[in-house]
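The structure appears right after this line, and notes come after that.
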Amino acid sequence: MQKFNLLFIALIFMSSSVLAQAPKYSNEFLSIGVGARALGMSNAYVSTVDDVTAGYWNPAGLLGVKSDFQVSAMHAEYFAGIAKYDYAAIAKPIDSLQSFGISFIRFGVDDIPNTTELIDANGNIDYDRITTFSAADYAFIFSYARKIKNLDIGGNFKIIHRKVGDFGKSWGFGLDGGLKYNVGKWNLALMARDVTSTFNAWTFDLDQSIIDAFILTNNEIPDNSVEITLPRLIFGASRKFQFNENLSLRPELNLDLTTDGKRNVLIKTDLISIDPHLGAELNFKNTLFFRTGIGNIQQINEVNGGKSTTFQPNLGIGVKLNRISLDYALTDIGDQSVALYSNIFSMKVDIFRN
């Protein structure tokens with residue numbers, strides 16, 4: 001038990017120095033997604049988004065907020081409730097051409113047993129010496145959007161804070177940029193995340209007893225270092241099909257292009273990887289919404305030595321009652337991918353001063 005927990009802590013510490021050399025999946029908690037509307041569409045959303053969640057998906061979409069204020073919140077749990085994922089945001093139009101928003105994200109695992117002092121100085125096991133700690137990632141995103149003729153543009157300034165108990169922490173910052181443009185009946189979008197690369201500076205504060213325990217269990221002692229998140233580009237295209245005055249359908253295709261090396265996605269090279277995902281939203285009287293999507297296409301190794309391709313299908317529903325929108329998403333229906341399914345709920349409220 002002691003060696004397992006020490007190894008868990010060590011792996012978290014060591015990630016910073018390893019990622020500085022090969023920064024694949026750095027700050028990956030910011031790739032999960034926010035809002036059950038988008039998750040029901042398998043995150044194919046950067047050209048559709050027109051609400052407060054645009055601060056995460058594409059800041060140019062903040063211009064779609066028409067109320068005096070719009071707020072949103074979401075809570076989700078992963079790995080049988082071990083990991084907690086929380087999101088909250090607020091957006092406000094400045095005038096007819098400008099909007100801004102603030103978003104907060106936390107992804108954390110709480111109550112992790114710390115057994116580094118399980119054995120006292122006399123070699124006796126004392127379970128009263130076990131304490132707990134949290135490993136959590138935080139993001140604070142400040143967004144701004146402006147309309148320039150037929151082009152909507154937006155940008156994010158984000159502050160990243162990651163903390164592993166009292167043992168180690170990091171602070172970082174980065175910039176995102178987004179565009180939305182209408183061409184006839186088509187909506188086109190480009191989202192550039194970590195456009196200048198995002199840097200997380202890690203520092204560690206380990207007691208001598210922890211260092212001794214690490215040495216005793218053959219774990220590497222982490223050093224202060226810098227973790228780098230390389231740029232990611234997301235291209236999106238969607239079109240609205242209006243069947244009658246009550247019913248419409250909007251499908252969207254997104255292509256996620258990453259630059260941190262070969263990933264297990266549909267299109268992959270040593271230089272870039274491209275992850276396509278497709279979603280759609282059926283709108284009835286702008287009150288009831290039905291959503292679906294396919295994403296997370298991967299190739300996995302079978303037990304018999306062969307390979308197979310898996311994908312993650314998602315479903316979602318939503319209802320809008322006056323100023324309140326309630327959304328639900330069920331991810332990985334039918335267990336078609338290696339990822340576990342999750343139930344996601346989110347809420348959005350429009351606030352008017354009058």
Side-chain angles (χ1 to χ4, degrees), residues 23 25-35 37-65 72 74 87 89 91 98-105 139-148 150-160 172-183 186-198 228-239 250-260 263 265-267 272-281 293 295-296:
Y25 306 116
S26 173
N27 284 338
E28 196 68 8
F29 79 102
L30 290 177
S31 299
I32 296 174
V34 301
R37 180 187 181 190
L39 292 168
M41 297 170 63
S42 293
N43 293 358
Y45 197 54
V46 297
S47 71
T48 296
V49 64
D50 58 359
D51 59 16
V52 60
T53 62
Y56 172 89
W57 292 107
N58 183 351
L62 288 173
L63 293 168
V65 177
S72 180
M74 184 190 82
Y87 160 80
Q98 303 175 90
S99 295
F100 78 94
I102 301 174
S103 307
F104 168 77
I105 296 173
F140 306 86
I141 305 173
F142 304 89
S143 308
Y144 172 79
R146 182 179 181 85
K147 179 177 288 292
I148 301 177
N150 294 327
L151 182 66
D152 297 344
I153 64 173
N156 290 335
F157 174 73
K158 55 190 180 185
I159 300 173
I160 312 297
F173 63 90
L175 299 174
D176 303 330
L179 302 173
K180 291 184 69 177
Y181 184 69
N182 295 333
V183 181
W186 290 90
N187 295 326
L188 307 179
L190 171 64
M191 177 63 175
R193 290 184 178 168
D194 306 298
V195 64
T196 59
S197 294
T198 295
I228 303 172
T229 307
L230 297 179
R232 173 196 298 241
L233 299 178
I234 305 174
F235 299 91
S238 63
R239 177 176 175 176
R250 182 186 293 276
E252 175 164 350
L253 173 67
N254 281 184
L255 299 175
D256 290 21
L257 188 153
T258 52
T259 61
D260 55 8
R263 292 186 174 215
V265 295
L266 185 62
I267 304 171
I272 62 172
S273 298
I274 301 176
D275 181 20
H277 41 117
L278 178 67
E281 178 181 69
N296 196 24

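Throughout, residue positions are numbered sequentially from 1 according to the sequence presented.
Here F173 pairs with F157 under the side chain to side chain contact (heavy atoms under 4.5 Å, CB included) rule; sequence neighbours left out. Residues satisfying the side chain to side chain contact (heavy atoms under 4.5 Å, CB included) test with N187, not counting sequence neighbours, are S47, N182, S238, R250. Remark: R146 engages no residue in a salt bridge (charged side-chain N to carboxylate O under 4.0 Å, His left out) (not counting sequence neighbours). For the side-chain hydrogen bond (donor to acceptor under 3.5 Å, both in side chains) test, no residue two or more places apart in sequence or in another chain qualifies with D275. Residues that satisfy the side chain to side chain contact (heavy atoms under 4.5 Å, CB included) test with L266, not counting sequence neighbours, are P276, I297. In this structure, Y87 has no side-chain hydrogen bond (donor to acceptor under 3.5 Å, both in side chains) partners at least two apart in sequence or on a different chain. In this structure F142 satisfies the ring-ring contact (aromatic ring centres under 6.0 Å, His included) test with no other residue, sequence neighbours excluded. Taking S197 as the reference, nothing meets the side-chain hydrogen bond (donor to acceptor under 3.5 Å, both in side chains) condition, with sequence neighbours excluded. E281 meets the salt bridge (charged side-chain N to carboxylate O under 4.0 Å, His left out) test with R37, R291; sequence neighbours excluded. Residues passing the side-chain hydrogen bond (donor to acceptor under 3.5 Å, both in side chains) test with N43, sequence neighbours excluded: none. Considering only residues two or more places apart in sequence or on other chains, I267 meets the side chain to side chain contact (heavy atoms under 4.5 Å, CB included) condition with I274.
Summarising the geometry, atom CZ belonging to F235 is positioned 8.0 Å from atom CG belonging to L255; distances are rounded to the nearest 0.5 Å. L233 CG to R193 CZ: the interatomic distance, rounded to the nearest 0.5 Å, is 11.0 Å. Interatomic distance, CD1 of I32 versus CD1 of I105, reported as 8.5 Å (0.5 Å rounding). The distance from atom CG of L230 to atom OG1 of T196, rounded to the nearest 0.5 Å, is 11.0 Å. A distance of 13.5 Å separates CG in N156 from OH in Y144, rounded to the nearest 0.5 Å. The line from CD1 of I234 to CG of D176 is 9.0 Å long, rounded to the nearest 0.5 Å.
The backbone N or O of V49 sits less than 3.5 Å from a side-chain atom of K180, completing a donor-acceptor pair. Judged by distance alone, with hydrogens and angles left aside, the side-chain atoms of E252 form a donor-acceptor pair with the main-chain N or O of V46 at under 3.5 Å. Listed for the S103 side chain is no donor-acceptor partner under 3.5 Å among the backbone atoms of G55.
Minimum heavy-atom separation, A237 to N254: N-ND2, 4.3 Å. The heavy-atom pair separating P231 from V195 by the smallest distance is CG-O, 3.9 Å. Taking every heavy atom of both residues into account, R239 and P251 meet most closely at O-CD, 3.0 Å. Pairing each heavy atom of G279 with each of A44, the nearest pair is N-CB, 3.5 Å. Between S42 and G293 the shortest heavy-atom distance is OG-C, 2.9 Å.
A salt bridge links D256 with R232: the distance from a Lys NZ or Arg NE/NH1/NH2 to an Asp or Glu carboxylate oxygen falls below 4.0 Å.
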Derivation and outcome, side-chain contact (heavy atoms from CB on, under 4.5 Å), residues S26 and D260: CA-CA 9 Å; S26 173; D260 55 8; over 6 Å; no

Starting from the C-alpha separation in whole Å, work towards a yes-or-no answer on side-chain contact (heavy atoms from CB on, under 4.5 Å) for V34 and Y45. CA-CA 11 Å; V34 301; Y45 197 54; over 6 Å; no

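Within the structure, side chain to side chain donor-acceptor pair (under 3.5 Å) pairs that include any residue of residues 53-63 comprise D51-T53 (at least two apart or interchain).
Side-chain contact check for I160 versus L30: some heavy-atom pair is nearer than 4.5 Å. The shortest distance between side-chain heavy atoms of M191 and P59 falls below 4.5 Å.
Side-chain atoms of D194 and T229 form no donor-acceptor pair, as typed in the model, at a separation below 3.5 Å.
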